[in-house]
Amino acid sequence: MLEKKWSENQMKIFIKLLPHLKPVISSIILGIITGIMNQGAAIACSAYGAYLVSLAILGAAPHAILIGIWVLIALVVLRAVMSYAEMWYAHKAAYGILAHLRVKLYRAIEKIAPSYLMNKRTGDLSSTLMSDVETLEWFYAHTYGAAFIAVIVPVIVLAVIAVLIHPYLALVLIPWLFLTVTVPFWFQNRAEVDGRKIREGLAEVNSEVVDGIQGIREILSFGYESWYLKKLRNANKCLSAVQRKYGSRQGIETGLLNFFMSAGLLSVTIISVYLIKNGMMDRQWYAVSIILSIYVFTPVVAIGTMARSFGIMQSSTDRVFTVLEMPETVKDMVEVSKPLQNKLSVEFDHVSFRYKEELPLVLKDVSFRVSPGETVALVGHSGSGKSTCANLLLRFWDVTEGCIRVGGQDVRDLKQVDLRNIVSIVPQDVYLFNCSIKDNLLLGKQNATDTEIYEAARKARIHDFIISLPNGYDTEVGERGVQLSGGQRQRIAIARALLKNAPILLMDEAVSNLDTKNEGELREALQELSKNRITLVIAHRLSTIMAADKIVVLENGTVAQTGRHEEMILRDSTYSRLIRTQYAKMV
Ligand SMILES: Nc1ncnc2c1ncn2[C@@H]1O[C@H](COP(=O)(O)OP(=O)(O)OP(=O)(O)O)[C@@H](O)[C@H]1O
């Protein structure tokens, strides 16, 4: 059942890949033409060489052989040039398509992020972006052209054998050729299923390796080495099992292909002997007929070999197109955003939300307001729904019921790009790109002057640290440069947000403990950033919570309490209990 469905998909996928050929069609056509000339020169070279040898054995005049040798040299040169041209055009086309496909794939991921990313492991995704797309290189560079050649060349060579030597030889080859062509189809379903399993196995191993590298700190500190190795070994064991199955099928196929080809050549030999004995064929044509017969089979066997790997390619194609065709999680509902009130506010109005239809509500009838100039702290136990509120404000998902208003407008009446332009984010895990600190800051405002950058960094309390580095603002961060602490990263993100200068600030405070100096600097930076803005902060620090104009306490997805710290801490309430359990030492 699964195998049948898989087979039906095959043609669809093949057709899906075709439109991507359009931008490079001229290179593809030139690749096919030069490919046919390459094959033609190779065939002519070998057949003519065999003919000359036969003439020499039969006592032909030396000057006739000498002229023949010059023709052979010309053919060899032609073949070399055509072989180079074929490779060049095929790869020019393939790499052009792949570059275009990678960008398309990334754009598609952008549209479905973050909901898609949250359900995918990083290894899976990089596997789709890189290795699956790479697999398609093989298809675009080597399959389309080879398929054309495999159809055209045997037909031409058979015609040459029939006309130049004897039609019986062509006729005796046809059944063997037919059998050779059909071999890959006999094993097609198995090849496809195995191919899919191999890709899945590879993605699994890939994900395990990425998991192991990303989680190396936890693995080492918890002494999980043997647990992790067991997981990795299991994934490898499954992969090896399907790879062995795949290899054994490949062996059977190769054996059959070689058998049919050899049987074809044997038939040609037997018929040639019969024809020569009965004076129906000149002797010098025997060697030529064998050489030409080999070339009837060669492109067909080559395409058969490629078809064996079609299963692997097909599942890569499938994964690439699953991403390309995935519908957007959130769609723009309007062509132009509706106008906002001058003084911005954020309002959650009876908001309920579930991540998927089959999952329970994670927010239930949540209402609160952040007025112009206010800082509101969202607090609550882990899993109470704080990050979900932030995700909904940014429209990474749309609310299930109720509505979120910004500047008086429902966020669904704003284009996503306009909404995200008026919100600055300072996330908990700040991602810094693998480039200089300055380039990372410029993400906030692309055309910012150096003075503006320094000013923002000063306000974010990170300037002094940056200039203390040997390369200052040009210091590379991440893998290629300096490693920054969580607090320093957040202050860079604050500087970035200051440069962006958006009227709404959404901050997810770091949970990790900072030293007093870092904590003080971070608080000052945040105060600077909150000035004249409306701020919604997922608060984890008592200092931030106490400084907020309003605190919204979330409990199991509902608003349990709102108010200021001083009012709520005195009463026995959800808030006071939360603060006492989480900040026992400080209160
Ligand atoms: N992508 C998702 N798909 C399904 N459920 C999710 C998803 N993200 C979060 N949830 C669920 O929604 C609920 C609220 O999660 P949320 O991350 O908003 O809580 P939180 O208060 O921010 O927690 P924390 O302080 O630990 O970050 C949790 O039960 C969580 O399991």
Side-chain angles (χ1 to χ4, degrees), residues 109-122 124-125 207 215 218 323 326-330 346 348 350-368 370 375-402 404 411 416 423 425-431 486 489-490 493 505-514 522 526 535-545 548 550-562 568 573-575 577-584 586:
I109 290 174
E110 265 181 353
K111 278 197 215 153
I112 51 178
S115 57
Y116 176 76
L117 298 182
M118 284 179 182
N119 294 326
K120 278 262 164 195
R121 294 203 285 175
T122 327
D124 271 358
L125 201 63
S207 288
E218 279 74 7
V323 175
M326 201 169 270
E328 292 170 57
T329 322
V330 169
V346 169
F348 276 61
H350 298 284
V351 170
S352 296
F353 176 71
R354 55 165 60 91
Y355 278 96
K356 282 186 192 147
E357 255 174 50
E358 63 276 17
L359 292 176
L361 288 171
V362 291
L363 291 183
K364 287 157 247 166
D365 203 25
V366 168
S367 293
F368 64 88
V370 195
T375 295
V376 167
L378 276 181
V379 301
H381 288 294
S382 179
S384 56
K386 305 180 292 293
S387 309
T388 306
C389 288
N391 288 336
L392 293 180
L393 174 60
L394 286 164
R395 268 198 92 201
F396 287 153
W397 280 270
D398 270 334
V399 298
T400 310
E401 273 170 46
I404 299 174
V411 285
Q416 291 172 68
V423 184
I425 313 169
V426 179
Q428 196 177 109
D429 285 322
V430 178
Y431 186 80
R489 281 168 178 268
Q490 275 215 323
L505 168 66
L506 189 57
M507 170 146 181
D508 193 351
E509 269 191 327
V511 210
S512 56
N513 284 328
L514 298 177
L522 195 62
L526 184 60
T535 307
L536 185 62
V537 52
I538 298 176
H540 297 289
R541 304 185 182 289
L542 192 57
S543 56
T544 316
I545 300 172
K550 186 159 60 188
I551 299 160
V552 175
V553 186
L554 288 176
E555 194 178 20
N556 296 327
T558 56
V559 176
Q561 234 179 327
T562 53
M568 297 196 292
S573 60
T574 315
Y575 178 73
R577 283 192 294 275
L578 177 81
I579 294 293
R580 285 204 177 90
T581 49
Q582 296 204 350
Y583 306 94
M586 294 177 246

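Start at 1 and go down the list; that is how both ligands and their atoms are numbered.
With sequence neighbours excluded, no residue satisfies side chain to side chain donor-acceptor pair (under 3.5 Å) with Ser387. A search for side chain to side chain donor-acceptor pair (under 3.5 Å) contacts involving Arg354 returns nothing, not counting sequence neighbours.
Of the candidates Gly385, Gly383, Gly557, the one placing a heavy atom closest to atom 28 (C) of ligand 1 is Gly383. The closest heavy-atom contact to atom 7 (C) of ligand 1, among the options Tyr355, Phe353, Trp397, comes from Tyr355.
For the side chain to side chain contact (heavy atoms under 4.5 Å, CB included) test with Val376, the passing option among Thr535, Val537, Leu536 is Leu536; the others fail.
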For this session: Quick one: do Val351 and Leu392 satisfy side chain to side chain contact (heavy atoms under 4.5 Å, CB included)? Show the steps, please.
Result: CA-CA 10 Å; Val351 170; Leu392 293 180; 4.0 Å; yes

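Without hydrogens or angle criteria, Gln428 side chain to Ile538 main chain gives no donor-acceptor distance under 3.5 Å.
When each atom of ligand 1 is checked for a heavy atom of Leu359 under 4.0 Å away, the hits are 4 (C). Set against the non-hydrogen atoms of His381, the atoms of ligand 1 under 4.0 Å away are 21 (O). In summary, the atoms of ligand 1 found under 4.0 Å from a heavy atom of Thr388, numbered by their order in the structure, are 14 (C), 15 (O), 16 (P), 18 (O).
Between Ser382 and ligand 1, a contact under 3.5 Å exists for at least one N or O pair.
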